[in-house]
Amino acid sequence: MEISQSKAKSRVLKSPIERKILLKAYELMHTAKRMAETYDENREVCSKYVHSTSRGHEAIQLAAGLQLKPFDYASLYYRDESMLLGMGLQPYELMLQLMAKRDDPFSGGRTYYGHPSLKREGFPLIPHQSSATGMQAIPATGMAHGIAYLESQDLLRAEEPPVTICSLGDGSVTEGEVAEAFQMAVLKKLPIIYLIQDNDWGISATGKEMRAMDAYEYAEGFKGLERMAVDGSDFEDSYLGIKKAIDYVRKKRAPILVHAKCPLLGHHTSGVRKEWYREDLEQHQKFDPLDKLHAYLLEKGETEEQLDEIKQTAADIVAGDYLKAVAAADPDVNDFDSHEFANTPVTEESGNRSPQGGEKVVMVDAALHAVDEILKKHPEALFYGQDVGRRLGGVFREAATLAQKYGDDRVFNTPIQEAYIVGSTAGMSAVGAKPIVEIQFADYIWPGINQLVEELSKSCYLSKGKFPIQSVIRVPIGAYGGGGPYHSGSVESTLLTIRGIKIVYPSNAADMKGLMKASFYDPNPVVMLEHKGLYWSKVPGTLEAKTIEPDADYIIPLGKARVVEHASEEKIEAGESCVVITYGMGVYWAKEAAKSFPGQVEIIDLRTLNPIDWECIADSVKKHSRAFVLTEEPLMNSFAESLAGRISKEFFQYLDAPVWTLGAVNLPAIPLNVELEKMMLPNADKVKDALGQLLTY
């Protein structure tokens, strides 16, 4: 609705905020209110899927949404519909998500209302994030970290220095991962605004039950985190506070926390309704942002007639958009499985695996050289994790000299924060940085699993391909003689239950280098499991893990197994052969054991566990009619047992014996004493005994 500015100037009292912004905020507050009312009035339609609304939070959300620029970045939480309206999203678009419709602009009907993922010209970039409250703090901080890195390398182009805003409910600030995000933000001086919307409620728990201090008080403990408190129900105070925060971050390139106290006027969600337990609704109603802005505008000279017209305009838009959304098409069910992964550009093996005159290298050096070549070629790439910085260069020397070559902005130590190491890569990827990170030992990956599952693995699928996460996560794994219960474990079966990530497991130096390159160029999250016992080929029987180093162009597509030992045609034709399907250290146990059965054993090194080379497995099982799956993990309920079951189902008619399996004994940890360790783990002798049983079955 157009308003004569000349008439307005004669009657509007001076305000620090432009009149058009005030009236736009008023219109959008009515829009948000009418949307919430419409959802309640049509519960049979609108509550089919759980949703939350922004009632009570409109002032602070609009204050932010109306001031963010298209070159900024945002990480929102599930109540932020008014912030989305402030950015320019239409009620119709949000309703499409509410009803899980085909043209939902965020996910095509795949994820909840208020869970945006937006990559659209003229709007702030909003990557996908999960519903795990507070978990968005780490990817959001990763975005700010990526921005800071790209700025340090003069790789970022924007009209002004961009900011990241991370929106959180106050209850989520008690999460440990939020503390990790705050710690890194102040440690690295990152350009991020943490907007904390405090309505004093979790679901049914009040602030007094959940916390000993509010977020503003909590932030005092993070040295270098500027903080500000605003009245989140007052549009003027919120708008001017957010303006100050944005100006601070744009100029200082440092973090700030804005604590906004808000009423909660709607339900927690449509599934947990306010009338079931709320006794403070009347008190919260006194701070309705819409009522306060209405009174403010009257003070500034607007008329009831003018405001009524705005209210009616908003109501008409919501009513029309609701009818359109109800009538909109549902998703094509045949498209339900698209975008599990983004397409990789690496589909063929290329480069020279064994260049003439090349020198042999151990696996750990092949990995180091691969990362070195990546960093040299790609200035957007960086490498971080615990102890990988210049002083040590990794506890296995897997990053030696890299910080000296490329600087501390590109290769650096992190705190002991596995969740941040993993989850920050989602934010890094969203802004165009390309992270390679390291978890120091596989036994330490568990604090990072939440981020791996909730943020990295689901992003491509739930954003319908808009936000695949390019992330290489290096994980030293496996037992190597006396490492004990916290430095020897194998975790691949757990990781393989996570859809949307790729798992790589090289067994020699050449594969290490080729797979590292492919993992970097893959646009999806890749976990690279690197066996510590193979790093230097010092474990007896692993000398062949040391190979001639491939050239800088060598690359192996993920999902391609390699036959490392062939059976003789004579033994195959006589029905006296078998195939061992394995990876990592299992390759060397199988090679040693196969010496006792000349010509009878084919060995497949999977190299990639997801995607798996099923074609290679199928061909070999059909050819030999006997299959043996070998793993270092405890066998029960493992990936190896799952693979054996699949082989049994798919190729039952080809098999002359049960699918054999061998793994570690089913114990909760690997004992420290080396003799006890030997009792638990597979070895060449145990494999030889099992092969003898299979071949004579």
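Contact annotation: the side chain of S519 approaches that of V504 to within less than 4.5 Å [non-hydrogen atoms, C-beta and beyond]. Between R626 and V621 the shortest side-chain heavy-atom distance does not fall below 4.5 Å. Counting heavy atoms from C-beta on, the side chains of L691 and C578 come closer than 4.5 Å. V629 is not listed as a side-chain neighbour of F639, based on a closest heavy-atom distance of 4.5 Å or more. In this structure, T582 and L606 have side chains that are not in contact, with every pair of non-hydrogen atoms separated by 4.5 Å or more. Between L609 and L496, the closest side-chain pair of non-hydrogen atoms falls below 4.5 Å.
Using a 30° and 60° split on the angle between ring planes, H531 and Y505 fall in the tilted class, from 30° to 60°. Classification of the F412-Y384 ring pair by plane angle, with boundaries at 30° and 60°, yields parallel.
Checked by atom type, the side-chain pair S493/E633 shows a donor-acceptor distance below 3.5 Å. Using a 3.5 Å distance cut-off with no hydrogens or angles, the side chains of D605 and S507 do pair a donor with an acceptor. Side-chain contact annotation: T661 with E641, donor-acceptor N/O pair under 3.5 Å absent. Side-chain polar atoms of S471 and T425 form a donor-acceptor pair below 3.5 angstrom. Looking at T631 and Y583, their side chains do bring a donor and an acceptor atom within 3.5 Å of each other.
Comment: K376 does not engage E373 in a salt bridge, judged by the lack of any side-chain N to carboxylate O separation of less than 4.0 angstrom. Checked for salt-bridge contact, D365 and K513 miss the test: no charged N lies under 4.0 Å from a carboxylate O. Between E592 and K688 there is no salt bridge, since no side-chain N of the basic residue sits under 4.0 Å from a carboxylate O of the acidic one. Taking the charged nitrogens against the carboxylate oxygens, E544 and K591 do have a contact shorter than 4.0 Å, which makes a salt bridge.
The two residues D522 and Q470 make their nearest non-hydrogen contact at O-CG, 3.5 Å. Residues A148 and P191 share a closest heavy-atom pair of CB-CD, 4.2 Å. Contact between A442 and V475 at its shortest, heavy atoms only, is CA-CG1, 3.4 Å. Shown here for I421 and G385, the closest heavy-atom pair between the two residues is CD1-CA, 4.2 Å. Considering all non-hydrogen atoms of both residues, V579 and H624 come closest at CB-CD2, 3.8 Å.
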Q) Where do Y480 and H487 land on the ring pair (Phe, Tyr, Trp, His ring centres under 6.0 Å) test, with the steps shown first? A) CA-CA 9 Å; Y480 57 109; H487 299 82; 8.1 Å; no
Q: Could you walk me through whether Q386 and E418 pass the side chain to side chain donor-acceptor pair (under 3.5 Å) test, one step at a time?
A: CA-CA 9 Å; Q386 295 165 29; E418 288 82 8; 2.8 Å; yes
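Cation-pi contact between K502 and F341: present, with separation from the ring centre below 6.0 Å and deviation from the ring axis of at most 45°. With W614 as the aromatic partner, R646 meets the cation-pi criteria of under 6.0 angstrom to the ring centre and within 45 degrees of the ring axis.
Listed for the S537 side chain is a donor-acceptor partner under 3.5 Å among the backbone atoms of T542.
Each of K434, R410, K405 was scored for a side-chain contact (heavy atoms from CB on, under 4.5 Å) with L375, with one residue passing: R410. Just one of H369, R607, K517, E530 meets the side-chain contact (heavy atoms from CB on, under 4.5 Å) condition when paired with M512; it is E530.
For F467 and Y461, the ring centers sit 6.0 Å or farther from each other.
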